[in-house]
Amino acid sequence: MDTVSDRSDVEYVDSWHLAPEQLERLYDEVLNPSFPVDELEPRDQLLPRLAQEDSGVCCRVAVDADGRGVAAIIADIYPAARVLLLAYLAVRSDLRDRGIGSGLARDAVPGWIARYQPALAVAEVEDPRFNADSEAAGYGDADLRMQLYDGFGGLILPVPYVQPALTAGAERVRNLLLMVFHAAPEVCHGQRLDPELLVRFLTDYFTVCEGSTPVDAEFTELLDACKRVDGIPLMKPSEYLSD
């Protein structure tokens, strides 16, 4: 039975306060249906991290009156690079477009930035120009998601971004964009981002996920696109809609 009508009917909690069975249902009912298999960290890897505070991942969950998680936002922390990566924002498919996801993001992100003091907070988002069929596949409307992020003040880095392979045997995920939600003044000047910080983060991220620092042409092209002497410009999300 649906006990949620809008975001006022849910409570926001950190994932480590939830029981194991609540986390299992969250993965099965919210996260797994919202992402293609190569984009989502496997169940047996992600759930133990969500159950533990200070595990390198932070997660806020929207919980309904029955104690069921109906939405989640998840971020990974890269302390050496001083970067917070917003990895996932998902709402149960039958409860989308009710303000639950936006309310959850507004609750979580400012608190994480205040707590971890990252120099940069970024997110991987679908490029609507190449993901027009994402809604039909059950993953939500890429254009609406981009407009939601635009409302949060997100800006796009114009680089040929790919998500690293999350596990052995998985594929990298292409046709994604890297969006900036927060940049400290010392790394962003005149709407241009310090390339050194981004290169350091991407190297750390790919190395952690893929087991070693990549040397292939795709990764090299990504880093080369970041190494702009005058900084990397930040673009409006509206320039990347499918229309």
Side-chain angles (χ1 to χ4, degrees), residues 15 18 20-52 55-62 68-78 84-97 100-101 104-105 122-146 148-149 159-179 201-202 204-214 216-219 222 240 242:
S15 60
L18 300 181
E21 57 269 22
Q22 289 175 294
L23 291 176
E24 290 167 1
R25 293 188 69 170
L26 178 73
Y27 191 97
D28 296 340
E29 297 177 1
V30 178
L31 295 171
N32 191 53
S34 298
F35 300 98
V37 62
D38 286 328
E39 287 188 33
L40 183 61
E41 190 173 343
R43 192 178 193 266
D44 61 345
Q45 293 183 18
L46 182 58
L47 290 188
R49 300 174 71 211
L50 298 186
Q52 180 182 346
S55 64
V57 64
C58 38
C59 173
R60 292 284 279 175
V61 182
R68 180 177 298 182
V70 298
I73 184 169
I74 302 173
D76 287 293
I77 305 161
Y78 289 83
L84 183 77
L85 171 65
L86 302 176
Y88 305 112
L89 173 58
V91 180
R92 204 175 73 193
S93 60
D94 61 317
L95 296 176
R96 291 171 184 160
D97 302 325
I100 297 172
L104 183 60
V122 296
E124 298 163 325
V125 299
E126 287 185 331
D127 187 336
R129 299 170 302 176
F130 300 99
N131 289 280
D133 59 348
S134 63
E135 185 173 21
Y139 304 133
D141 187 300
D143 277 318
L144 289 179
R145 191 178 299 114
M146 185 67 75
L148 169 68
Y149 295 144
V159 298
Y161 185 71
V162 296
Q163 183 190 67
L166 298 181
T167 59
E171 293 290 329
R172 289 177 179 172
V173 181
R174 297 165 180 86
N175 297 329
L176 297 180
L177 297 166
L178 196 61
M179 176 177 282
F201 159 65
L202 291 172
D204 287 353
Y205 181 29
F206 274 75
T207 300
V208 167
C209 290
E210 299 190 352
S212 61
T213 303
D216 59 277
E218 184 174 56
F219 182 69
L222 172 58
Y240 291 85
S242 63

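Excluded from the calculations below are hydrogen atoms, water molecules and symmetry mates; all remaining heavy atoms, backbone and side chain alike, are included.
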Trainee: Is there a side chain to side chain contact (heavy atoms under 4.5 Å, CB included) between Tyr161 and Leu222? Walk through the geometry before answering.
Mentor: CA-CA 6 Å; Tyr161 185 71; Leu222 172 58; 4.3 Å; yes
Trainee: Restricting to side-chain hydrogen bond (donor to acceptor under 3.5 Å, both in side chains), what partner residues turn up for Glu171, sequence neighbours left out?
Mentor: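 Counting only residues at least two positions away or on another chain, Glu171 forms no side-chain hydrogen bond (donor to acceptor under 3.5 Å, both in side chains).
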Trainee: Got a sec, which residues hit ring pair (Phe, Tyr, Trp, His ring centres under 6.0 Å) with Tyr88, two or more places apart in sequence or on another chain?
Mentor: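 Ring pair (Phe, Tyr, Trp, His ring centres under 6.0 Å) check on Tyr88 returns Phe35.
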Trainee: How long is the straight-line distance from CG of Leu46 back to CD1 of Ile74, given to the nearest 0.5 Å?
Mentor: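 It is 5.0 Å, given to the nearest 0.5 Å.
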Trainee: So, the side chain of Arg25 versus the backbone of Gly69: is there a donor-acceptor pair under 3.5 Å, distance only?
Mentor: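 Answer holds: no.
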Trainee: What's the shortest heavy-atom distance between Val61 and Cys59, and which atoms?
Mentor: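 Heavy-atom minimum between the residues: CG2-SG, 3.7 Å.
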Trainee: Should Arg49 and Asp76 be marked as a side chain to side chain contact (heavy atoms under 4.5 Å, CB included) after you check the CA-CA gap, both sets of side-chain angles, and the distance that decides it?
Mentor: CA-CA 10 Å; Arg49 300 174 71 211; Asp76 287 293; 2.8 Å; yes
Trainee: Restricting to side-chain contact (heavy atoms from CB on, under 4.5 Å), what partner residues turn up for Arg43, sequence neighbours left out?
Mentor: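 With sequence neighbours excluded, Arg43 shows a side-chain contact (heavy atoms from CB on, under 4.5 Å) to Glu24, Tyr27, Asp28, Leu47, given in chain and number order.
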Trainee: For Glu124 and Leu178, what are the C-alpha separation, side-chain angles and deciding distance, and is it a side chain to side chain contact (heavy atoms under 4.5 Å, CB included)?
Mentor: CA-CA 5 Å; Glu124 298 163 325; Leu178 196 61; 4.3 Å; yes
Trainee: Listed by chain and number, what are the side-chain contact (heavy atoms from CB on, under 4.5 Å) partners of Val173, not counting sequence neighbours?
Mentor: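 Counting only residues at least two positions away or on another chain, Val173 forms a side-chain contact (heavy atoms from CB on, under 4.5 Å) with Asp38, Glu39, Gln163, Leu176.
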Trainee: With sequence neighbours excluded, what pairs up with Tyr78 under the ring pair (Phe, Tyr, Trp, His ring centres under 6.0 Å) test?
Mentor: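 Ring pair (Phe, Tyr, Trp, His ring centres under 6.0 Å) list for Tyr78, sorted by chain: Phe201, Tyr205.
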Trainee: Can you tell me how far apart OG (Ser15) and CG (Leu26) are? Round to the nearest 0.5 Å.
Mentor: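 Result: 8.5 Å between the selected atoms.
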Trainee: Once side-chain hydrogen bond (donor to acceptor under 3.5 Å, both in side chains) is applied, do any residues pair with Thr167, and if so which ones, sequence neighbours excluded?
Mentor: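 Thr167 satisfies side-chain hydrogen bond (donor to acceptor under 3.5 Å, both in side chains) with no residue once adjacent residues are dropped.
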Trainee: For a quick test of reading the model, state the closest non-hydrogen atom pair linking Ala62 to Ile100 and the distance between them.
Mentor: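 Residues Ala62 and Ile100, closest heavy atoms: CB-CG2, 4.1 Å.
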